[in-house]
Every structure is written in C-alpha cells, then in structure tokens.
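Encoded as structure tokens, the structure appears first; notes follow it.
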There are 2 protein chains.
Amino acid sequence: MESLQKAIAAISPLSDEGMSAFSQGWKHWSTTKDFVLLKENTISDYIYFIEKGVARIYYYKNGREITEWIALDGQFFLSITSFFQRTPSYLTIQTIEPSHVYGIHHDDLMKLAGEHHEIERLLRKMVTASLILSQERMDSIQFESAQQRYEKLLKTSPQIVQRVPLTYIASFLGITLETLSRIRSQR
Amino acid sequence: MESLQKAIAAISPLSDEGMSAFSQGWKHWSTTKDFVLLKENTISDYIYFIEKGVARIYYYKNGREITEWIALDGQFFLSITSFFQRTPSYLTIQTIEPSHVYGIHHDDLMKLAGEHHEIERLLRKMVTASLILSQERMDSIQFESAQQRYEKLLKTSPQIVQRVPLTYIASFLGITLETLSRIRSQR
DNA sequence: GATAAAATTTGATATTTATCAATTGCAGAC
DNA sequence: GTCTGCAATTGATAAATATCAAATTTTATC
C-alpha cells in the first residue's frame, strides 16, 4: 500500500483527506505465476498497480500472441480501451511471476473522481502521461529499426530483458522472435 | 464559437457557468494557406480547435518532413508532448487552407481546470479520447499493410484524400509517396 | 541425473516497402 | 496560351524483416 501511495503522490500530490479516500478504493491480489487478472472478451473493470512482480498484457492477432505491454514493480497498467469505453477487452492480462497487485474498480474511481477534484486531476495526469508514452512508442515503432528498439529497451528497462521470456519481448518490440534472436547474437 | 461549444459539450457537458468561463479563454485566428501556428523548437502554448479548414502537424526526421496529424473542420489538435511537458516542440503546425482556428492558452486552461472541477473532467476526457486514438493508430501502423491503412483512411476520412496533397497523406500513413502512388494506381 | 517439453537459435527464402532516378502531369504566373 | 516549378507517377533495385523449417539449448519434472 505504501508503494502505491508513493506512486500516486509522485504523479499528483493529494491532500491527506484525498489520499485516504483514494487509498480505500483499492483491492489487493497475491498472484501466482501465470495468474489471469483479465480475460479476453470481458469488460475490464480495474486500473492495476503492480507492487512487486511482472504483468504482461497481450492479445491475439492473426492467430498469434502479441504482447502489448509489460509492467514491472511500481507501474500502473490497464486495458485502456476497455476500461474507459466499457467495451469487452480484446486483451488478456496475466502476471508472469508471483506478484502483488492492487486494483481500483472503474466505478469506484469514477465516483471518487466526481467527488474529489484533486482525484480527477490525478486521473487526468495519469492519462496524460500514458498518452505521451503512447506517442513515443508509436514514433519508435514507425522510425526505429528492430535493433534500435532492442537497445533502447536494454537501456531503459534492463530488468525486462532479465525477467521476461524473449518470445514476449519480441512481440512487445514489434518484431519476431527470430529477428530478436539474431539481433542479440551479433553483440 | 458555436461549433467549438458544441464540440466541447459533445465530449463532456458543462454547466452554463462552466461553459461561459471556458468559452472566454479561447482566442481566434483567421489564417491564410500555409500559415504557421506553431514553429518548431518553441514551446507549444495552445490547444487548437479548427472550425473550418485544414491543419497539419509535421516534423523533420532524417531530413524529411513527416506529417504526424491532419485535422479537419471540427477537430481539436495540439503538440501533445510540448503542450503538457512544457518543452520545446519538434513539431510545426500550419493551416494548409485558409482556416478559422480557435486556441486556448496552456496557462488559462490549467487555471480553469483548477477552478472548475467540470473543466478538469472535460480535459481528462479529451486526453482519454486522444489516448484511445493513439493506441488504435499504433496498432494500425504495426499490423496493417500500407494498402489497408490507405483504405481505412478512405473510409474514415474521405475528405482528407480530397483536400490534402498526397505527399502529406503518405507520411501521415507512415509510407512513402511512391508506395502510396502505387497503391492508388492499382484500384 | 535422465528425460520430456519448452525456449531459443540458426538457416534458407520470400515479402513488403524503401530508395534512387527518371518521366509525366498539371496549375498558376505572366 | 506558354512557360516554369512543384506534384505525382513509373521503373529498377536494395534493404529490412517475416516466414517456415530444423537444430540446439535450457528448464522443469520425476
């Protein structure tokens, strides 16, 4: 809980009252390896925060798994489209290590955002940060070579490379497993 | 002004008071063809709304122009990174037809969002919609062929194809002018 | 520790799109 | 109307990465 509160405060500081109201909204899960938090085709009700562990978000495209996101200790994650549009998710979310995960339900969060201006602001800032990331990632996929993307990942999240199977990393980088393997071998 | 208010209300309805406070924050420009709204390397101060006309957002990558976004009548647009992070923009924004454009200054918007909970909520919804779009676009660039992306554009914004030079459309779709030309000829 | 299963690597070839170069088409200025 | 310059098309070739098919290495299980 403390790490969650710290992560929240780092995005947008809350008053004691706001923080305490907000903190009460979160549930907690202790998961095993390959525990499914969200199943494909269901509406995603939660924004998650991973206190310790690794989660991956993936979907199927042309019959194969595409990892859309990998979240490590201290990060928020969610199925953006499903959560905000309240539509069935094409995404599946699972923890790929035993993990500690917090989650806040959509309805609770919206209620809190309606009641507390500062929580609305926090949410706005979270979405904005996510948008900036999304833009950067798009630029990366469009203009950087497979090699450059891998090296950037090595630099920015070396932990991912250590803790996550290469199959997942490959599709996360938007390349095939074989291409990733070749990139790694020539170093 | 009326079309702007309608566009705002469609995202998140405001009280009369909120709408009137918000409306006062917007400036108006009547621009000529190729009028520059934002210059590269300056901090982007405005969120824009194009009432009538066409704007394009572009930047330079490896010595050539990349069109990042094209906004037509009734759309909002901005340099996301620069506006929210208050850093110099690598983007340039210009109207490519004589246009009517509204803009609200960053500081005014933030002040309003701080004073009016409902404007904060509106802003959050705008950013969320933008995030969802960004995700869809990323998926499109990563998995759809040049052909599919062009056909989708034809379907979703046929106006763009009519009013915007192909050079701009090509980089907007993430392909070269030559590839776009070949796609068009085989139909 | 032996064995099965899964993950990763390696190789040969195919596909998509980019690049560079030349040509053609077309709109505005005079 | 003709000239000039930019926009678009067409052609030939190259580059990056995907695909399919094995082979090899690593990991987990009994």
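Small disclaimer: the values here were computed from a predicted structure and weren't measured. Convention: sequence-line order gives letters A, B, ...; per-chain numbering from 1.
Listed by chain and residue number, Glu144(B) satisfy the salt bridge (charged side-chain N to carboxylate O under 4.0 Å, His left out) test with Lys152(B) (two or more places apart in sequence, or in another chain). Scored by the salt bridge (charged side-chain N to carboxylate O under 4.0 Å, His left out) test, Lys61(A) finds Asp139(B) as partners (sequence neighbours excluded). Residues passing the side chain to side chain donor-acceptor pair (under 3.5 Å) test with Arg124(A), sequence neighbours excluded: Glu120(B). The salt bridge (charged side-chain N to carboxylate O under 4.0 Å, His left out) search around Lys111(B) returns Glu115(B), not counting sequence neighbours. For Glu118(A), the side chain to side chain contact (heavy atoms under 4.5 Å, CB included) partners at least two apart in sequence or on another chain are Leu14(A), Ser15(A), His116(A), Arg121(A).
The aromatic rings of Tyr59(B) and Tyr90(B) lie perpendicular to each other, with more than 60° between the two planes, well past the 30° mark.
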Side chains of residues 76-85 of chain B: which donor-acceptor pairs under 3.5 Å do they make with residues two or more places apart or in other chains?
{"from": "Ser79(B)", "atom 1": "OG", "to": "Ser89(B)", "atom 2": "OG", "distance (Å)": "3.2"}
{"from": "Ser82(B)", "atom 1": "OG", "to": "Ser44(B)", "atom 2": "N", "distance (Å)": "2.8"}
{"from": "Ser82(B)", "atom 1": "OG", "to": "Thr87(B)", "atom 2": "O", "distance (Å)": "2.6"}

Name every donor-acceptor pair, under 3.5 Å, that has one atom in a side chain of residues 174-181 of chain B and the other anywhere in the protein, sequence neighbours excluded.
{"from": "Thr176(B)", "atom 1": "OG1", "to": "Thr179(B)", "atom 2": "N", "distance (Å)": "3.3"}
{"from": "Thr176(B)", "atom 1": "OG1", "to": "Thr179(B)", "atom 2": "OG1", "distance (Å)": "3.0"}

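Residue pairs meeting the salt bridge (charged side-chain N to carboxylate O under 4.0 Å, His left out) criterion with at least one member in residues 156-165 of chain B, sequence neighbours excluded, are Asp73(B)-Arg163(B), Glu97(B)-Arg163(B).
DNA chain D is contacted by Gly174(A), Ile175(A), Thr176(A), Glu178(A) of residues 169-178 of chain A, taking any non-hydrogen atom closer than 4.0 Å. Near DNA chain D, meaning a heavy atom under 4.0 Å away, the residues from residues 60-72 of chain A are Arg64(A).
Annotation for Ser134(A) and Met138(B): closest pair O-SD, 4.2 Å, computed over non-hydrogen atoms.
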Output a table of nitrogen or oxygen pairs between the protein and nucleotides 27-30 of chain D separated by less than 3.5 Å.
none

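Looking at heavy-atom distances under 4.0 Å, Ser181(A) makes contact with a base.
Comparing the axis of the opening five pairs of the helix from dG1(C)-dC30(D) to dC30(C)-dG1(D) with that of the closing five pairs yields an angle of 40°, rounded to 10°.
For Arg86(B), the CZ atom counts as densely surrounded, since its 6.0 Å shell holds more than 12 non-hydrogen atoms of other residues, nucleotides or ligands.
Between dA16(D) and Thr179(A), no contact under 4.0 Å exists linking OP1 or OP2 to a side-chain N or O.
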